[in-house]
2 protein chains.
Amino acid sequence: MQLHKRDVVAKAAAILDNYGIADLTMRRLARELDVTPGALYWHFANKQELLGAVADQLLAPACAEPAPMSWQARIETVCRGLRDALLSHTDGAELVSASFAAGQSQAVEQILGGLAEAAGEAGVAAAHTELAARTVLYYVLGFTADEQSRMQWDAAGAALPDTRSALTDDPGTRFGFGLQVLVDGIAARRTSPV
Amino acid sequence: MQLHKRDVVAKAAAILDNYGIADLTMRRLARELDVTPGALYWHFANKQELLGAVADQLLAPACAEPAPMSWQARIETVCRGLRDALLSHTDGAELVSASFAAGQSQAVEQILGGLAEAAGEAGVAAAHTELAARTVLYYVLGFTADEQSRMQWDAAGAALPDTRSALTDDPGTRFGFGLQVLVDGIAARRTSPV
DNA sequence: ACCTGAACACCGTTCAAGT
DNA sequence: ACCTGAACACCGTTCAAGT
């Protein structure tokens, strides 16, 4: 039967989850779909475009507009949602970072828009809201890519020492620290009254 | 004559500068050094280790300990030095990000140490200085990788519109905005008097 | 000790030709 | 319109064998 874009994206996501981004190749994807590599190029211009489609599917849950709330809560909600989405698939942060860098993720642009809006509500000058949004995004992508690569290293390595304290070792708490830094920093950049 | 590590790293840096990271392959590097690809594996365990050595050479100018100054100035100095080093070679930010993610850059760890020290001077609790340092690093790497990939896009594309205002378009100024957000955010995280 | 030769197991992409 | 077959131009890594 016919190959559809959505089947290709779904199989790509499955490979990502089961084997990681290094094994997500056009040839392997074609093999698992029982087609020739060339067939994929009828549906996607190139590998980057295909990866962008996978990234956007992965980010769909993080694109929902949140209910009205304070700008601080909105930034926190968007960032936690983004991190959760990235963590939901193996190498999700790496995939999304690459797609963003290649300008192939419409979903990231949307998330960036939401963050910029929140920065505007915080009182950041209109000319700087986009900068504030990008600053936050770089943090979320950097932190989560790091977190996810450590998870893989840990999974293959020794057991964790049980001297864990939530304040320094729980990834969610660690993530929150940087988030708080950024929220406080944005508050300090306000140029207009709220 | 004999192949030395430093010759390999120097030639790799030259390929990076002239053709970009996509063309920095083990086979091409070997060809330009007039050796067989296998020869490189006598000197380096794998490609990641070699790229780590290139990253560390590139970052050497950013590793100098700065003169005594306020913690704010120190963070700014370290970050500007890091960005300058990344911009000094084509795809420098991408190379360093990859080497850092692979745990192959001793220089990045050193820079991270300097940032953590500055956070400590700012009054951030000892348990959190490393988190603060990473937050800053993710920003510098993310911003600069983005900046550098746009440079390549612009170089191939149309001329820039001349409606440029330094406040929103000069990359150095744009970089400073996020830096200020982080510095102010760290100041807000102080738990002990300075 | 240091390097070659040759192989192994792959890549992304293109495109004439088929159905 | 959609896909195959086959090619093009590559990859990283290993390792017996040479010097």
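Per chain, numbering begins at 1; letters A, B, ... match sequence-line order. Given the structure is predicted, the values throughout are model-derived calculations rather than measurements.
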Measuring from the side chain of [X] (C-beta onward, heavy atoms only), which nucleotide among [options] has the closest atom?
X       : options               : answer
B/Val35 : C/dT13, C/dC11, C/dT4 : C/dT4
A/Tyr41 : C/dT14, D/dC2, D/dG12 : C/dT14
B/Arg31 : C/dT14, D/dC2, D/dC11 : D/dC11

Please report the distance, rounded to the nearest Å, between [atom1] in [X] and [atom2] in [N].
X       : N      : atom1 : atom2 : result
B/Leu40 : D/dT14 : CG    : P     : 13 Å
A/Tyr19 : C/dC10 : OH    : P     : 13 Å
A/Gln48 : C/dG12 : CD    : P     : 12 Å
B/His4  : C/dC3  : NE2   : C1'   : 14 Å
B/Leu3  : C/dC3  : CG    : P     : 5 Å
B/Leu24 : D/dC11 : CG    : C1'   : 13 Å
A/Phe44 : D/dC2  : CZ    : C1'   : 14 Å
B/Arg27 : C/dC8  : CZ    : C1'   : 11 Å

Query raised in the report: Between B/Ala133 and B/Leu115, what is the shortest heavy-atom contact and its length?
Result: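 B/Ala133 and B/Leu115 have their closest heavy atoms at CB-CB, 3.7 Å.
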
Query - Atom of B/Thr90, atom of B/Gln152 and distance for their closest heavy-atom approach - result: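 Shortest heavy-atom separation between B/Thr90 and B/Gln152 comes out as CG2-OE1, 4.0 Å.
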
Query raised in the report: Quick one: on DNA chain C, does A/Lys47 or B/Asp34 contact a more 5' nucleotide (nearest heavy atom)?
Result: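 Taking each residue's closest nucleotide, the earlier one in sequence belongs to B/Asp34.
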
Requested in this report: Starting from the 5' end of DNA chain C, give me the residue, A/Asp23 or A/Ala39, whose nearest nucleotide shows up first.
Outcome: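 Nearest nucleotide further toward 5': that of A/Asp23.
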
Query raised in the report: With respect to the phosphate group of D/dC3, does any side-chain polar atom (N or O) of A/His43 fall under 4.0 Å of OP1 or OP2?
Result: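 Yes, within the criterion.
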
Query raised in the report: For D/dC2, does OP1 or OP2 lie under 4.0 Å from any side-chain N or O of A/Trp42?
Result: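 Yes, within the criterion.
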
Requested in this report: Could you tell me whether A/Glu130 and B/Arg174 make a salt bridge, using a distance below 4.0 angstrom between a side-chain N and a carboxylate O?
Outcome: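 Looking at B/Arg174 together with A/Glu130, the answer is yes, because their closest N to O distance falls below 4.0 Å.
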
Requested in this report: Write down the distance separating the P atoms in D/dC8 and C/dA9, rounded off to the nearest Å.
Outcome: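 To the nearest whole Å, 22 Å.
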
Query raised in the report: Relative to B/Phe175, does B/Arg80 satisfy both conditions: NZ or CZ under 6.0 angstrom from the six-membered ring centre, and within 45 degrees of the ring's axis?
Result: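 Because its charged atom misses either the 6.0 Å distance or the 45° angle limit, B/Arg80 does not stack over B/Phe175.
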
Report task. Measure up the B/Tyr138 and A/Phe143 rings against each other and bin them: parallel (under 30°), tilted (30 to 60°), perpendicular (over 60°). Result ->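 Perpendicular.
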
Query raised in the report: How does DNA chain C look in dot-bracket notation if pairs are Watson-Crick or G-U with both distances under 3.5 Å, crossing ones as [ ], other-strand ones as |?
Result: ||.|||||...|||||.||

Side-chain donor/acceptor pairs under 3.5 Å, residues 44-69 of chain A, sequence neighbours excluded:
from	atom 1	to	atom 2	distance (Å)
A/Asn46	OD1	A/Gln48	N	3.4
A/Asn46	OD1	A/Glu49	N	3.0
A/Lys47	NZ	A/Leu24	O	3.2
A/Asp56	OD1	A/Ser105	OG	2.8
A/Asp56	OD1	A/Gln106	N	3.4
A/Asp56	OD1	A/Ala107	N	3.1
A/Asp56	OD2	A/Gln106	N	3.2

Report task. Name the nucleic acid region contacted by B/Thr36, choosing base, sugar-phosphate or nothing; use a 4.0 angstrom heavy-atom cut-off, strictly under. Result ->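 The answer is base, as B/Thr36 lies within the cut-off (heavy atoms under 4.0 Å) of a base atom.
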
**Report entry** Pairs involving residues 9-30 of chain B, ordered by first then second residue, that meet salt bridge (charged side-chain N to carboxylate O under 4.0 Å, His left out) (sequence neighbours left out)
**Finding:**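 Those involving residues 9-30 of chain B are B/Arg28-B/Glu32.
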
